[in-house]
Amino acid sequence: MPAGRNSPDDETPRHRFYGRRVGRKLRPAQQRMIDEFLPRLSVDPDTDFSDPAALFDVPVSAVWMEIGFGAGEHLEAQARANPGIGFIGCEPYINGVASLLSRIEDAPPKNLRLHMGDARYIIDALPDGSLDRLFVLFPDPWPKTRQNKRRIFSIETLPHFARVLAPGAELRAATDEMSYAAWMLEHARAVPELTWRARAPGDWRQPPGDWVPTRYEQKALEAGSRCVYFRFTKN
Ligand SMILES: C[S@@+](CC[C@H](N)C(=O)[O-])C[C@H]1O[C@@H](n2cnc3c(N)ncnc32)[C@H](O)[C@@H]1O
């Protein structure tokens with residue numbers, strides 16, 4: 001990974017990252033994906049984001065972003081289902097990025113850009129009102145109280161999320177950790193620019209109609225956990 005603001009060595013205190021960047025050693029073919037294929041799709045904090053729609057190989061009418069795409073099943077499915085939308089996916093975990101790259105190598109979506117690093121640097125680089133949707137799906141729950149400051153969905157990050165969302169844009173979040181669910185609601189509802197869209201319990205107990213299951217969600221459901229789905233609108 002090139003040195004820069006996605007490097008673990010030079011995090012600012014506000015961007016301290018507590019997750020895993022590396023798991024099992026990559027196979028040579030996966031390493032080749034990272035070295036040779038990823039740069040063709042990459043954006044980083046130094047990319048010119050003044051017109052995010054111009055970053056893609058096809059014209060796009062809006063830009064959506066996913067924070068923490070894991071192995072990228074949701075990101076890939078959304079990008080393929082919405083070819084007129086540009087997608088930026090951010091994930092620091094190299095094994096997850098390699099997994100996505102292996103799946104899309106033969107037919108990479110032209111409306112997809114990736115950042116192998118901390119999404120908060122990309123959020124900082126984006127202009128106000130530049131995203132029409134932001135996904136934060138099953139973020140690491142960090143369930144112990146003393147770990148709360150590690151949460152990516154928090155009172156520190158939410159004003160930044162709100163800034164990059166266009167009026168009427170959606171912030172979509174999900175978790176299977178009920179204490180995190182309560183935290184998400186409490187913190188998002190404290191941000192004046194965001195409105196929780198739920199009208200009835202079904203609105204948060206069931207996924208939205210255009211939902212694409214994520215890997216983490218499927219494992220949670222198989223283990224008998226409940227999941228909740230939140231949709232907030234930028235005012
Ligand atoms: C529990 S996993 C869920 C992955 C995927 N969204 C899913 O539902 O299958 C959370 C992911 O968020 C990523 N993550 C954590 N902090 C992040 C950050 N600051 N920027 C981008 N991704 C982050 C982790 O590396 C991890 O892959």
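We count ligands from 1, going down the list as the structure has it; atoms in each ligand are counted the same way. Worth knowing before you read on, the calculation uses all heavy atoms, side chains too, and leaves out hydrogens, waters and symmetry mates.
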Students should be able to answer this: which protein heavy-atom is nearest to atom 4 (C) of ligand 1, and at what distance?
G68 O, 3.6 Å
Check if P92 has a non-hydrogen atom at a distance under 4.0 Å from any atom of ligand 1.
yes
Which ligand 1 atoms does R215 reach within 4.0 Å, using its non-hydrogen atoms?
9 (O)
Looking only at protein heavy atoms, which one is nearest to atom 8 (O) of ligand 1, and how far off is it?
T214 OG1, 2.6 Å
Expected output: side-chain W183 to main-chain F153 donor-acceptor under 3.5 Å:
yes
Partners of A182 by side-chain contact (heavy atoms from CB on, under 4.5 Å), sequence neighbours excluded?
none
Can you tell me if R226 uses its side chain to pair, donor with acceptor, with the backbone of R205 under 3.5 Å?
no
Please identify which atoms of ligand 1 are closer than 4.0 Å to at least one heavy atom of D118.
18 (C), 19 (N), 20 (N)
Which heavy atom of the protein is the closest neighbour of atom 9 (O) of ligand 1, given with residue, atom name and distance?
Y216 N, 2.9 Å
Got a sec, which residues hit side-chain contact (heavy atoms from CB on, under 4.5 Å) with R32, two or more places apart in sequence or on another chain?
A29, E36
Which atoms of ligand 1 are found less than 4.0 Å from any heavy atom of A119?
18 (C), 20 (N), 21 (C)
When distances are taken from atom 27 (O) of ligand 1, the protein heavy atom at minimum range is E91 OE1, 2.7 Å
Hey, are R113 and D44 close enough for a salt bridge, meaning a charged N less than 4.0 Å from a carboxylate O?
no
Sole candidate of W204, F135, W211 that passes ring-ring contact (aromatic ring centres under 6.0 Å, His included) when paired with Y229
W211
Nearest 0.5 Å, please: how far is CD in E217 from CD in E222?
10.5 Å
For atom 1 (C) of ligand 1, grab the closest protein heavy atom and report residue, atom and distance to one decimal in Å.
F138 O, 3.0 Å
Considering non-hydrogen atoms of the protein only, which is the closest contact for atom 15 (C) of ligand 1, and what is the distance?
D140 OD2, 3.4 Å
Atom indices of ligand 1, in the order listed, that fall short of 4.0 Å to a heavy atom of I152:
19 (N)
Side-chain heavy atoms of F69 within contact of V97, under 4.5 Å:
yes
Is it the case that ligand 1 has an N or O less than 3.5 angstrom from some N or O of P139?
no
Starting from atom 16 (N) of ligand 1, locate the nearest protein heavy atom and write down its residue, its atom name and how far away it is, to 0.1 Å.
F17 CE1, 3.3 Å
Please confirm whether C90 approaches ligand 1 to less than 4.0 Å, judged on its heavy atoms.
yes
Other residues, nucleotides and ligands only: do more than 12 of their heavy atoms fall within 6.0 Å of NZ on K149?
yes
